[in-house]
Structures are given as C-alpha cells and as structure tokens.
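These values consider heavy atoms only, across backbone and side chains, with no hydrogens, waters or symmetry-generated copies. Numbers restart at 1 for each chain; the letters A, B, ... are given by sequence-line order, proteins then strands.
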Amino acid sequence: MRIHNAEIAAIFNKLADLLEIQGENPFRIRAYRNATRILVDMPEDVANLLEKGADLTKITGIGADLANKIKTIVTTGELPLLNETAAHVPPLLSQLMQIEGLGPKRVQRLYKELYIHNMIDLKRAIKQGTIQKLPGFGVKIAQRIQEGVKYLSERPRRFKLADTIPVADYLLSYLKKHKDIKIAECAGSFRRRKETVGDLDILVISNENVSVVDYFVKFEEVVAVISKGMTRSTVRLRSGLQVDLRVVAPASYGAALLYFTGSKAHNLRLRKIAIGKKLKINEYGIFKGKKYIAGKTEKDVYKQIGLSYIEPELREERGEIEAAQRGKLPELISLNDIRGDLHCHTHATDGKDSLEAMAKAAAELGYDYIAITDHSHSLTVAHGLDSQGLQQQINKIDQLNQKLKNIVILKSCEVDILEDGSLDLPNSILHQLDMTICSIHSRFNLSQKKQTERIIRAMDNPYFNILAHPTGRLLDRREPYAVDIAKIMQAAKERGCILEINAQLARMDLDDVHCKMAKELRLPLVISTDAHSTSQLRYMCFGVYQARRGWLEKKDVINTHSVSKLKKLLQRNR
DNA sequence: GCCGTTTTCGGCCCGACTGTTTTCAGTCG
C-alpha cells in the first residue's frame with residue numbers, strides 16, 4: 001500500500017494541532033505545519049522519491065528529524081509520536097480547532113475544565129450553557145463558538161474560483177460607489193487565481209477608513225458581521241463566503257496588496273529576507289528602523305529586498321523567490337496568447353450547440369482554429385460516435401471549412417481509452433483526423449500500475465495526440481484516479497504526446513503543481529475548455545490561470561501556435 | 001523542529017480586532 005503525500009501531511013497537521021493544544025513550542029509546531037505545505041505542494045509522492053533513494057533533508061524545511069518521521073510513515077503507515085501524543089490529549093480535540101474563534105488555548109481549557117473531548121461533548125456543553133461560566137470565556141465567546149459549530153457543518157469548505165467572481169465583481173462595484181474609495185480590489189488566493197478560494201480578501205485604498213468600513217458592512221449580501229474595527233472588518237455573505245476587508249492609505253498600497261495577496265509562506269520569506277537586510281516589511285510599507293522607505297507599489301517593495309516583481313500566481317513559495325533572485329522568473333502565458341481551443345463538443349454527442357455555432361463562437365473570440373472533439377461510441381451516455389458517425393462529421397467539417405474564411409475547424413474526436421489500453425475507434429478512421437484527444441471515462445478504480453500501463457499502452461498508438469483531463473479528478477466530487485503521473489509524463493514526452501489542462505470548472509486537470517512538473521520535463525501542454533456549449537468556450541481564462549500558477553510560458557503551450565505549426569506538431573513521427 | 005554571508009545556539013513575521021480584563025491574552029490572516 002503506497003502512502004500518498006496528502007496522508008503524511010494530514011498526520012503532521014493533526015500532530016501540530018495536538019501539540020499546540022498541549023502548549024508546545026510554537027516554532028516546533030510551525031515546522032510540522034510547514035512540512036504539510038511542502039508535502040502537499042510536491043508533484044511526486046515522497047514514497048516514490050524514497051524508493052529512488054532520494055535524500056529528503058535536501059528539501060528546505062525538512063531536517064533529519066522530519067525526514068526520519070516521513071520514512072517511518074511511508075514504511076509503517078503511522079507515526080509513533082502521534083500515537084504517544086494522542087495518549088495525553090484526546091485526538092478528536094483537533095476537530096474543535098476548525099471552529100472559528102477556537103484556538104489551541106481555548107480548546108485546552110475546554111478539555112481541562114469541562115472534560116470536553118470532541119464535537120459531541122462540545123455541543124452538549126453549549127446546550128447546557130456551561131461554557132460561558134469558564135474563566136476567560138464569557139457570554140460572547142460562548143455565543144461565537146455556538147455559531148462557529150453551526151457554520152462549520154453548513155459551509156462548503158472552499159469555493160471554486162469561478163463561483164466567487166460574480167460575487168467579487170458585485171461587491172467591488174458596490175464599494176467603488178463610495179466617494180472616498182479610490183481603489184478597491186481583490187487580493188488573497190483569488191488574486192493568486194487558485195482553483196478554489198477559501199474566503200475573499202478585499203483591499204481598499206482610502207484615507208477615510210472608518211466610513212469605508214461602515215459602508216462595507218452595509219453591503220446587501222452581508223448576513224453576519226464577524227469583526228469590525230478602524231481599518232479592517234470580516235463579514236459573512238448570504239452564500240456562506242467570508243469576506244475580509246482591509247483599508248489603507250495610498251502610500252501603503254503596494255505593501256498592503258503584497259501582504260493581503262499572500263501566500264502566507266511567500267510573505268514569510270519576504271519578511272525574513274528583509275530582516276537579513278536590517279529592514280522590516282509590514283502591511284504599511286518597508287521600513288529602515290522607523291523610517292518608511294517604500295510601499296506605494298508591490299514592485300517597490302520587491303526591489304528594496306533585491307527581487308524583481310513576482311506575479312501573484314507564482315507567490316506560493318515554490319521556488320519563485322530564488323528565481324527572482326537569479327532573474328530567472330518565467331514570462332507567464334496570457335489569455336491573448338491562445339489561438340484556438342482543442343477540446344469541445346457539439347450536439348452530435350453531448351454538447352448543446354451545432355458545429356457551425358461552435359466555429360462561429362470561436363471565431364468571435366479571435367481564435368484561428370477550433371478542434372471539434374465529440375465523444376467516441378463507448379461513451380454511450382454521451383451518445384458517442386461510431387466510425388460511421390465520425391465519418392459523417394468529417395465530411396461536414398470539410399464542407400464547412402470550404403465556406404469559412406476566418407477560422408479553421410480541425411477534425412478530431414475524444415476517443416475513449418479502453419481497459420486494455422486500446423482506443424475504441426480503428427486507426428482506419430483516426431488517420432483521417434487532424435488530431436485526437438484520448439481519455440479515460442471508465443474503470444477509474446484500477447490499481448496505479450494497471451491504470452498507468454493502460455494509458456501508456458494507448459499512447460503507443462501513433463494516432464494518440466493529447467491525453468485529456470489526465471488525472472480524472474473532479475473538485476469536491478471525485479479524487480484523481482491512481483496513476484503514476486511522472487511515468488505518464490515521461491512516456492508522453494518520449495512518444496511526442498501532449499497532456500491537457502482541462503479548464504472545465506470542476507476539473508481544472510492538470511493542476512498547478514503538475515503543470516510545473518511538466519514544464520520542468522519540457523513536456524508540451526495544451527489548454528482546452530472541453531466546452532459543451534458556445535458559452536463554455538469562455539472558460540479558457542481559468543485554464544490559463546492554472547497554467548500561470550504552473551509557471552507556464554507561451555512556448556510551453558501548443559495552442560499558442562499557428563495552425564500550420566500546430567498541425568506539424570500533431571504529426572508525431574508517423 | 002529548522003537553520004546559518006553576524007550564529008552549530010538562539011533565534012524564528014507582524015499587526016488588527018475582540019472580549020474579558022483593568023493592561024492583555026487569544027485568535028486570525
């Protein structure tokens with residue numbers, strides 16, 4: 001049984017919670033939390049790396065002790081220290097830390113004074129009204145805990161980025177109506193374009209902070225004001241989304257935007273670098289002693305500590321600071337670089353719109369080409385095409401291409417990869433296409449070895465071009481199927497195949513970490529929308545965000561090429 | 001628990017808001 005990084009991370013995170021409740025050294029706890037972030041951000045399972053004999057202490061943040069603990073978890077599936085700690089602190093106490101307003105100190109007190117071991121005990125204590133009688137607690141904190149418990153069971157954990165955009169736009173337009181607001185913009189993970197957003201962070205530039213905060217909490221969608229001070233406030237909206245507002249003066253714009261954009265790990269590094277230069281960074285600026293030396297723009301702050309400007313999408317402490325120091329930051333791809341969409345469906349299978357409508361919509365987006373990739377016949381739920389159906393579509397596209405002047409329709413198909421790794425349409429029809437995309441829509445639960453072999457065998461077919469949605473994950477709904485992505489990428493590279501970044505909102509597959517992994521391997525990727533209607537062609541921006549988070553440049557993505565260069569690339573070596 | 005261009009020991013980012021206090025601890029980002 002292979003242990004995945006997320007499982008090791010969960011063990012360290014739980015250990016950190018319990019140690020925190022015990023009142024352990026905060027820096028030791030930080031080391032464990034830092035390790036969880038490192039593990040989650042790694043493109044490959046450490047179990048794999050250990051098998052290859054890698055030295056984990058080479059990773060910054062992992063010392064001899066943590067490396068040993070990781071090894072123990074990988075070989076035995078558990079960590080003795082966690083079990084020992086759990087003997088002193090009830091392990092389910094870590095759940096209580098997820099409640100808003102409950103940190104380690106209060107959880108410890110609930111445990112020691114009221115013998116609360118878990119969520120059930122807590123709910124009982126709330127009902128009995130015993131919490132407010134604890135020294136240091138009081139009525140308001142008890143009330144906040146009660147609301148926190150309720151909210152924890154109701155709220156979605158994170159929101160998809162796309163779902164938060166209309167809310168953010170509406171809130172920003174509301175804020176901008178205030179006469180004293182010069183600038184209002186989103187920071188946080190929203191600005192870093194993470195695929196999911198935990199809460200919305202909004203920065204406002206104004207000299208009239210008090211009236212701005214007052215105005216903010218009156219926004220029509222606010223259902224609860226969690227905190228409200230002179231310069232910041234937190235509210236909860238009808239949708240369950242939490243919004244943090246911060247107001248600063250113009251001189252602090254850059255420093256505040258930097259601070260509020262994060263990530264936390266990125267900011268920590270910046271602040272440490274500043275300390276090394278006898279400087280101090282906070283949300284008001286960068287200071288030498290008490291003297292303000294910069295802070296109007298983010299660029300100014302970076303410059304003071306010897307770094308070039310780092311794009312928000314890169315600020316995850318995944319090597320961007322070292323790259324900035326060496327002047328080796330990537331020039332990130334942008335939506336304007338995209339010249340076509342290579343994955344979309346029509347009403348011939350499970351799409352909503354016609355071939356003509358899709359082509360016209362793509363032309364309106366300024367694209368040079370669009371590939372029509374309706375499903376093949378194994379996907380019966382989508383009424384997939386058999387050879388005959390595909391032949392009819394090919395003929396239709398040929399006719400349409402004669403007529404169309406401003407766009408080229410590429411003949412294609414989303415071909416199912418069968419369990420044995422064969423494709424479910426014969427090469428006799430595939431050779432008539434400009435390209436194929438191939439994907440897994442069945443037997444998700446094969447072992448990692450079998451699933452990986454299945455895909456690589458499919459790639460052996462010379463008509464295999466693009467592996468669509470390579471891990472099959474659906475955000476919040478389905479875990480990725482077990483595949484050795486490193487092996488798949490290597491095999492794709494050797495065979496001239498390409499991996500997709502699928503921009504369907506629930507997919508976003510590959511993810512950012514895998515994009516970066518592909519880039520390092522020099523494996524080309526494609527960004528596609530998998531549009532099932534003309535309107536979904538607009539999802540392209542989300543794929544581009546993901547690509548930017550994965551450090552991709554124009555040259556790394558094949559649908560930035562002209563149609564002739566693209567066609568050449570899709571020829572493989574056949 | 002990690003780390004080292006002041007350090008192998010002694011540091012480890014920094015500030016706002018709240019509630020329960022009478023000057024500050026706890027939580028959060």
Side-chain angles (χ1 to χ4, degrees), chain A residues 12 15-16 19-21 23-38 56-70 81 96-110 131-145 148 187-190 197-203 209-210 213 217 225-235 242-248 252 255-256 258-287 301 305-306 317 325:
Chain A
F12 284 155
L15 178 61
L19 291 175
E20 216 175 359
I21 293 167
E24 251 287 348
N25 174 4
F27 298 104
R28 186 181 171 210
I29 290 152
R30 182 190 287 178
Y32 283 116
R33 298 229 192 265
N34 190 37
T36 66
R37 187 190 58 80
I38 291 168
L56 300 183
T57 63
K58 291 254 161 65
I59 303 167
T60 310
I62 306 291
D65 181 88
L66 278 171
N68 269 331
K69 288 194 166 94
I70 292 171
L81 179 62
L96 305 187
M97 298 261 289
Q98 290 168 23
I99 297 165
E100 256 180 38
L102 270 189
K105 296 285 159 54
R106 286 179 187 151
V107 169
Q108 184 189 50
R109 182 151 271 180
L110 289 171
I131 292 174
Q132 67 201 58
K133 291 175 198 147
L134 273 181
F137 272 65
V139 181
K140 290 218 169 153
I141 288 178
Q143 209 169 15
R144 180 145 188 225
I145 294 171
S189 51
F190 182 95
V197 171
D199 59 12
L200 217 50
D201 299 298
I202 293 188
L203 176 69
N209 42 355
V210 175
V213 175
V217 299
V225 178
I226 295 163
S227 77
K228 176 171 172 287
M230 302 276 284
T231 65
R232 69 183 303 167
S233 170
T234 301
V235 298
Q242 192 166 299
V243 186
D244 294 332
L245 176 90
R246 184 75 201 248
V247 192
V248 299
S252 300
L258 191 61
Y259 154 75
F260 224 29
T261 298
S263 66
K264 196 173 177 169
H266 179 85
N267 285 347
L268 273 172
R269 272 295 299 282
L270 297 186
R271 288 177 180 204
K272 266 191 209 163
I273 292 171
I275 290 169
K277 296 182 185 292
K278 308 254 185 237
L279 298 170
K280 181 180 79 170
I281 297 176
N282 59 27
E283 58 264 54
Y284 298 109
I286 180 160
F287 296 84
V301 179
I305 53 171
E317 171 66 331
Q325 282 166 336

Counting Watson-Crick and G-U wobble pairs only, both distances under 3.5 Å, name the nucleotide matched with B/dT8, or none. none
Just the table, please: protein N/O against nucleotides 3-12 of chain B N/O, every pair under 3.5 Å.
from	atom 1	to	atom 2	distance (Å)
B/dC3	OP1	A/G61	N	2.6

Per [X] side chain, nearest of listed nucleotides [options]:
X	options	value
A/E283	B/dT27, B/dG15, B/dT20	B/dG15
A/K105	B/dC2, B/dG29, B/dG26	B/dG26
A/R232	B/dA16, B/dG19, B/dG1	B/dA16
A/K280	B/dG19, B/dC14, B/dC17	B/dC14
A/L66	B/dG1, B/dT27, B/dC17	B/dG1
A/R28	B/dG1, B/dC17, B/dA16	B/dG1

Within the structure shown, what part of the strands sits under 4.0 Å from A/Q242 by heavy-atom distance: base, sugar-phosphate, or nothing? sugar-phosphate
Tell me what A/V139 touches on the nucleic acid: a base, only sugar-phosphate, or nothing, going by heavy atoms under 4.0 Å. sugar-phosphate
B/dC13 to B/dC3 separation - P atoms, rounded to the nearest Å: 14 Å
Does A/Y259 have any ring pair (Phe, Tyr, Trp, His ring centres under 6.0 Å) partners at least two apart in sequence or in another chain, and if so, which? none
Short side-chain donor-acceptor distance under 3.5 Å, A/D244 and A/T234: yes
With a 4.5 Å limit on heavy-atom distance, are the side chains of A/E100 and A/Q242 in contact? yes
Quick one: which residue pairs count as a side chain to side chain donor-acceptor pair (under 3.5 Å) with a foot in residues 272-285 of chain A, not counting sequence neighbours?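 Found A/R246-A/E283, A/R246-A/Y284.
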